[in-house]
Protein chains: 2
Amino acid sequence: MVGVKKTPPSAAVEQVDTRYLQTLLGYNARRAALSIIGVFLERLAVYGLKPVDFSVMSVIHHNPGVTSRQLCASLSILPPNLVGLIQSLESRGLIERKPHPTDGRALGLHPTAKGVSLMQQAEVTASELEIDASSKLTASQRQTLVQLLQKIYL
Amino acid sequence: MVGVKKTPPSAAVEQVDTRYLQTLLGYNARRAALSIIGVFLERLAVYGLKPVDFSVMSVIHHNPGVTSRQLCASLSILPPNLVGLIQSLESRGLIERKPHPTDGRALGLHPTAKGVSLMQQAEVTASELEIDASSKLTASQRQTLVQLLQKIYL
DNA sequence: TATTGTTATACTCTATAACTATA
DNA sequence: TATAGTTATAGAGTATAACAATA
């Protein structure tokens, strides 16, 4: 067995080997998401928006009159957890709730002028930040990545 | 303005438009990660392993003698949050803590025979599950996806 | 003086049950 | 009977400060 290093029972680990985990899609997707979200938190703090707030505001921005139910379904948020978010956005004057035209139980969520203005800026910032957070990727690779990710969850 | 539908102020939203969010890498990465993790939770429940437990056990499995500090650094876990995980795995007889060969402050984490056996099976299950959770992707696309994701966080 | 592992603790996120008003 | 919005609450995940033992 010439040339074979015998590892003592309690040898110290010099460099941690994470090669197996790195073969897993879930692991890589989670790490990449957390990496981007970290940059997102920094850059969107000026707007007072965390990722969830941003997602909610973005859907309302592009779908004025959307209901809480629809929001929950499209963003996978549980109804009880949306209540506080909506109340917060409303008290900040970014959205307002109006009676639903056909369903008396529901309320339509509408962005205010202030909300629209904020989101126009926030969405530009978000799109820019994503490029910075994935600066090792070409535009083409970024597009490929988005398409492949959507094949998983859509 | 013939042919132009005027939308009433409070019209109901029929289908929620999430096309803007779908252009964002962070949004897609998070949704895809959560989708895979959902399948992970189901399939690895038989081993009593959640994603974090699995990651920790996998690193210990492939790096016998690794310290808590090294684990925290490689998996982005904060030291106080690792303590409970380690204690749980130890009390289940999956790992054991031995004195570190050179650093008296540290403890080396080692998988037991039971832990090795469990992880050999769990890693096979995890690798299989990932393919099922991304069944719309070819093997080649899956490989591309992993490579692109790693360019973001590594 | 710095680091490892740890405790205590707070904050956030996510999940479940149950209620009301309306469909 | 089912659904929209809500309340209360429990559980899981993540965060900071501070301490004892060792480097």
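These values consider heavy atoms only, across backbone and side chains, with no hydrogens, waters or symmetry-generated copies. So you know, we letter chains A, B, ... as the sequences are listed, proteins then strands, and number each from 1.
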*Between A/Arg142 and A/Ser134, does any side-chain donor sit less than 3.5 Å from a side-chain acceptor?*
yes
*Taking for each residue the nucleotide of DNA chain D with the nearest heavy atom, is it A/Val66 or B/Thr102 whose nucleotide lies nearer the 5' end?*
A/Val66
_Euclidean distance, atom CG of residue B/Leu41 to atom P of D/dG11 [Å, nearest integer]_ = 18 Å
*Please tell me which of A/Leu34 and A/Asp103 maps to the more 5' nucleotide of DNA chain D, matching each residue to the nucleotide holding its nearest heavy atom.*
A/Asp103
Donor-acceptor contacts, no H, no angles, side chain residues 51-61 of chain B, under 3.5 Å, sequence neighbours left out:
residue: B/Asp53; atom: OD2; partner: B/Lys50; partner atom: N; Å: 3.0
residue: B/Ser55; atom: OG; partner: B/Pro51; partner atom: O; Å: 2.9
residue: B/Ser58; atom: OG; partner: B/Glu123; partner atom: OE2; Å: 3.0

*Could you pull out all residues at least two apart from A/Glu90 that satisfy salt bridge (Lys or Arg N to Asp or Glu O under 4.0 Å)?*
A/Arg97
*Between B/Arg105 and A/Arg105, name the one whose nearest nucleotide on DNA chain C is closer to the 5' end.*
B/Arg105
*asked:* Check the phosphate of D/dA4 against A/Arg69, side-chain N and O only, distance under 4.0 Å to OP1 or OP2. Yes or no?
replied: yes
*What's the CZ-P distance between B/Arg97 and C/dG5, to the nearest Å?*
9 Å
Name each donor-acceptor pair under 3.5 Å that joins a side chain in residues 28-36 of chain A to protein atoms two or more places apart or in another chain, with its distance.
residue: A/Asn28; atom: OD1; partner: B/Gln150; partner atom: NE2; Å: 3.2
residue: A/Asn28; atom: OD1; partner: B/Tyr153; partner atom: OH; Å: 2.7
residue: A/Asn28; atom: ND2; partner: A/Gln22; partner atom: O; Å: 2.9
residue: A/Asn28; atom: ND2; partner: A/Leu24; partner atom: O; Å: 2.7
residue: A/Arg31; atom: NH1; partner: A/Tyr27; partner atom: OH; Å: 2.9
residue: A/Arg31; atom: NH1; partner: B/Ser74; partner atom: O; Å: 3.2
residue: A/Arg31; atom: NH2; partner: B/Ser76; partner atom: OG; Å: 3.3

*Taking the hydrophobic residues Ile, Leu, Val, Met, Phe, Trp and Tyr, and joining any pair whose side-chain heavy atoms are under 4.5 Å apart, which ones share a cluster with A/Ile37?*
A/Leu41
*Looking at residues at least two apart in the chain, or sitting in another chain, which of them share a side chain to side chain donor-acceptor pair (under 3.5 Å) with B/Thr102?*
B/His100
*asked:* Check the phosphate of D/dG13 against B/Lys50, side-chain N and O only, distance under 4.0 Å to OP1 or OP2. Yes or no?
replied: yes
*Could you list by number each residue of residues 77-90 of chain B showing a heavy-atom separation from DNA chain C of less than 4.0 Å, or answer none if no residue does?*
B/Pro79, B/Pro80, B/Val83, B/Gln87
*asked:* What is the separation between atom NE2 on B/His100 and atom P on D/dT22, rounded to the nearest whole Å?
replied: 15 Å
